[in-house]
Amino acid sequence: MIQVKVAKVIVDVPAAQTDHTFSYRFPEVWVDLIVPGIRVVVPFGPRKIQGIVVETLTEEDENLSTKLKSIEEPLDLTPVFTPELLQLAAWLSEETLCFQVAALQAMLPAAMKAKYQKKIVYNEMEIPEELQELFKNRKEASWERAMELNIVPLLQKKAKTHELDIVYEVKEKNRKKKVKMIRSKAGKEKLQELIITLPPQASKQKELLQFFLTRNESVTLQELKEYGFSSQSIRSLVEKDVLEEQSVEVYRDPFEHKTFEPTEPLPLTDEQQAAIAPILQAVEENKFETFLLYGVTGSGKTEVYLQTIQEVLKQGKEAIVLVPEISLTPQIVARFKGRFGDQVAVLHSGLSIGEKYDEWRKIHRKEVKVAVGARSAIFAPFDNLGVIIIDEEHESSYKQEENPRYHARDVAKKRGAYHQCPIILGSATPSLESFARAQKGVYTLLQLTKRMNNRDLPSVEIVDMRNELRDGNRSMFSKKLVELLQDRLDKHEQTVLFLNKRGYSSFVMCRDCGYVMNCPYCDLSMTYHRATSDMKCHYCGYHSHVPATCPECSSKHIRYFGTGTQKVEEELGRLFPEARVIRMDVDTTGRKGAHEKLLSAFERGEADILLGTQMIAKGLDFPNITLVGVLTADTMLHLPDFRASERTFQLLTQVSGRAGRHDKPGEVIIQTYTPEHYSILLSGKQDFLEFYQREMMTRKQFQYPPFYYLALIHISHEDVLKTASIAENISHYLQKHLSSSSIILGPVASPIARINNRYRYQCLIKYKREPELMYHLKKIVHQFQEDTRKNGVYVSVDVQPYVLM
DNA sequence: AGCACGCCGACT
DNA sequence: GTCGGCGTGCTC
């Protein structure tokens, strides 16, 4: 009996019908190459696609397996997934109900996602007249060109007779960056000899030889050119076999022009000492334990992380540090690079696809031991983890809002259990979920209650804007804030002004009838864009001109509610003409590196006031900031979201923490229309514990996390009635199959009732214990995914959702 | 997802 | 009669 090598492959086709392994044979010579975790190209129907090998086995050849197609080629030399990550992907797709490919894809840098290209290859000698236009004397042409020329049917006909073939190619998106290096192939004597024997007119070549007499290592082509050598003379010597040209793979270095000040471990305070001791013990004992490091802003959490990592490295293990997307400022990178130098890889959204790929490869090749990055860095392909740290653990950016809808915290726990290593969740304002777990003893609570060097927390004043209005102040700056701003300008100290833009998008309204322009396809008001001076829908991309008159009442009184940062900036200019203002928002930080540039300009004191949105709430740590102003504290408080209070408290506390972190004491002004609300009141006192108690009562009363778990089901369809009826069916199914202790809300129309002309309904499940839940959810999704194409219904599930819209 | 195959309407 | 519309089923 003949034995056949078979690989089970997950193919790169995200669809319900292909969400399983496909078996392929592969030749004996590839046994060492085709292993679980490697990417391959496989034939799939008429095309070639990428796949990931998840298992290999040897089978007896019983005709059956001879029918299998064969793997086309491997795409990697070593597996890109460790066995642990393959296992993790399987778990992830189970837990988040996503396709297996989606889970696997989420673990790789974007550069490794396959790109497909369709092309036409001509097989016979003479290209006929009617195809000249397409092929232009070459044997290959792109499919796009054929489409342009409108000759696809002709080509399909010719493909049947194999006069030509339609070929499907797999291409990698990103190539490795290579640099041309030149080195001498000959010995010194040979070079000397050539300098003498070459004809006198080859003077440049002689100079080049002279150069290589003094430098016998490789030199980059670029460097040679900088010395004034031409590619012509280099080429001549390469042809003479004296010099050699080789392509050497290099990393793109996002921090090329930056030096990181090396830092030494700082002496720990008693509190820090007490906090780090149990962590170090867990590291030493290889114990999987989750710590919640609750430390007020400026209490030195980072130093605890750094010294933990130091211990982990000493044991020859690796560390992952997660930081929230936007806060990964150079400041934080600098602290890790400064302590651990080139042992650190940085993975975050500010890097280009190529740069991320290179940083990822450093981990893959075991050239670094620490990965610092945003959410997806939790999948760093380490195989001997010693600790996982999640800084600002309450941040919502740790939850991915598209498939796979995972929370990095859950993945961290899964990996921690596998590697038997501790997890540290750090925050000045922990999420209620985490703090409740710490209270119950599921997590180990560690506290840092004092700021470094016993600096006081900034004094916070809450200003009631209703009083301001009553007193005739209609501007967005309270008298107190204006006063303090002037004071800081006089003292040459810096101010951070924070504008919570959410719920404030710039819309256009008719002042006579109150008409607001809505997107015709989505139930949303459209946003005004000053740059293009048109209206745009942020969900479907539809845009149109701003009407000159109101479409409803023909009034000419159309008003732009473009509140945002631009307007504040204008008003600042009016109030303080001498003030230098840096504005940070999506408009000014759009380009790569802009974010960083603005911040460092502010750090150098090139501006007096930094004005911005969410993005400036965290990570800022400049000594000269002594005033923080929050212009509208309550804009996010009234969002239809059970976490609105929590988010408000967290944000205000974080922002306040920006002031007075160094020698000078800080002041904070919080402007609000609801000063009596506990999340505003308590953030002013920086009293997390009190806030926690109050908010827990509310959550208990309204049956929300952490007292209940959530699962949200979305249903969408072009037809409202159809959507509602499917939602109704799903709700019935749940009522029938879930335990009576679970609460099923809905079906109701989603807060955004229509996007892209599809109506949206949702069902929210609140549950405490529901062992069969995943089974039922899977069943629901499968049932309706099955006829997605038949009837256009789309059903998706978000387990433990963060956004309920 | 893509692609091919197949079955119906409006054109040379 | 054929070109091309998109409904349906399959991909190891």
Side-chain angles (χ1 to χ4, degrees), chain A residues 2-27 30 34 36 38-75 93 97-106 113-121 130 142-144 146-162 164-171 173 402-404 717-719 722 781-796:
Chain A
I2 307 160
Q3 306 230 302
V4 201
K5 296 283 170 204
V6 175
K8 302 213 164 184
V9 175
I10 297 286
V11 293
D12 182 23
V13 180
Q17 291 169 330
T18 52
D19 190 30
H20 55 84
T21 59
F22 286 77
S23 299
Y24 288 88
R25 344 179 334 113
F26 63 91
W30 278 349
I34 305 291
I38 209 133
R39 294 174 307 150
V40 288
V41 174
V42 291
F44 197 68
R47 44 194 183 132
K48 302 249 188 311
I49 59 169
Q50 196 185 81
I52 290 143
V53 175
V54 291
E55 194 189 339
T56 55
L57 37 116
T58 309
E59 272 184 10
E60 301 291 327
D61 190 347
E62 294 163 7
N63 293 329
L64 233 170
S65 54
T66 46
K67 282 187 191 146
L68 297 180
K69 286 191 186 174
S70 187
I71 287 178
E72 190 85 5
E73 57 168 334
L75 279 172
S93 76
L97 297 170
C98 74
F99 303 129
Q100 292 179 70
V101 234
L104 289 163
Q105 207 74 257
K113 192 172 158 57
K115 234 180 105 183
Y116 299 102
Q117 205 186 28
K118 210 169 161 183
K119 63 177 186 180
I120 305 138
V121 179
E130 71 264 31
S142 75
W143 184 257
E144 287 73 29
M147 300 264 278
E148 276 169 39
L149 295 171
N150 249 332
I151 50 168
V152 171
L154 176 70
L155 293 174
Q156 276 168 342
K157 207 183 274 172
K158 288 183 183 278
K160 286 213 176 89
T161 62
H162 286 284
L164 49 79
D165 281 316
I166 297 166
V167 180
Y168 305 85
E169 270 187 328
V170 180
K171 277 186 141 187
K173 224 184 229 160
E402 62 214 50
N403 282 334
H717 190 268
E718 284 177 357
D719 177 15
K722 181 95 187 167
V781 168
H782 279 195
Q783 179 131 12
F784 290 97
Q785 245 167 19
E786 201 113 303
D787 37 31
T788 291
R789 242 184 340 169
K790 243 183 262 160
N791 55 27
V793 183
Y794 183 72
V795 177
S796 72

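First the proteins, then the strands, lettered A, B, ... as listed; each starts at 1.
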**Report entry** Partners meeting side chain to side chain donor-acceptor pair (under 3.5 Å) with A:E169 (sequence neighbours left out)
**Finding:** A:K119

Report summary line: Contacts of A:D719 meeting side chain to side chain donor-acceptor pair (under 3.5 Å) (sequence neighbours excluded), chain-then-number -> none

Query - With A:Y168 via ring-ring contact (aromatic ring centres under 6.0 Å, His included) - residues at least two apart - result: none

Query raised in the report: Of all residues at least two apart in sequence or in a different chain, which pass the side-chain contact (heavy atoms from CB on, under 4.5 Å) check with A:Q3?
Result: A:T58, A:E60

Report summary line: The salt bridge (charged side-chain N to carboxylate O under 4.0 Å, His left out) partners of A:R39 (sequence neighbours excluded) come to A:D76, A:E172

Could I get a table of every N or O pair under 3.5 Å where one atom is in the protein and the other is in nucleotides 1-4 of chain B?
{"residue": "B:dA1", "atom": "N6", "partner": "A:Q17", "partner atom": "OE1", "Å": "3.1"}
{"residue": "B:dA1", "atom": "N3", "partner": "A:R47", "partner atom": "NH2", "Å": "3.2"}
{"residue": "B:dG2", "atom": "O6", "partner": "A:R789", "partner atom": "NH1", "Å": "3.3"}
{"residue": "B:dG2", "atom": "O6", "partner": "A:R789", "partner atom": "NH2", "Å": "3.3"}

**Report entry** Partner residues of A:K8 under the side chain to side chain donor-acceptor pair (under 3.5 Å) criterion, sequence neighbours left out
**Finding:** none

Report task. With sequence neighbours left out, write down each residue that passes side chain to side chain donor-acceptor pair (under 3.5 Å) with A:E718, or none if nothing qualifies. Result -> none

Report summary line: Footprint ends on DNA chain C, 5' to 3', for atoms under 4.0 angstrom from a heavy atom of chain A, come out as C:dG4 to C:dC12

Interface polar pairs with nucleotides 8-12 of chain B, N/O, under 3.5 angstrom:
none

**Report entry** A:V41 vs A:L75 side-chain heavy atoms within contact, under 4.5 Å
**Finding:** yes

Query raised in the report: In chain order, what residues pass the side-chain contact (heavy atoms from CB on, under 4.5 Å) check against A:S93, with sequence neighbours excluded?
Result: A:C98, A:Q100, A:A103

Requested in this report: With sequence neighbours left out, write down each residue that passes ring-ring contact (aromatic ring centres under 6.0 Å, His included) with A:F26, or none if nothing qualifies.
Outcome: none

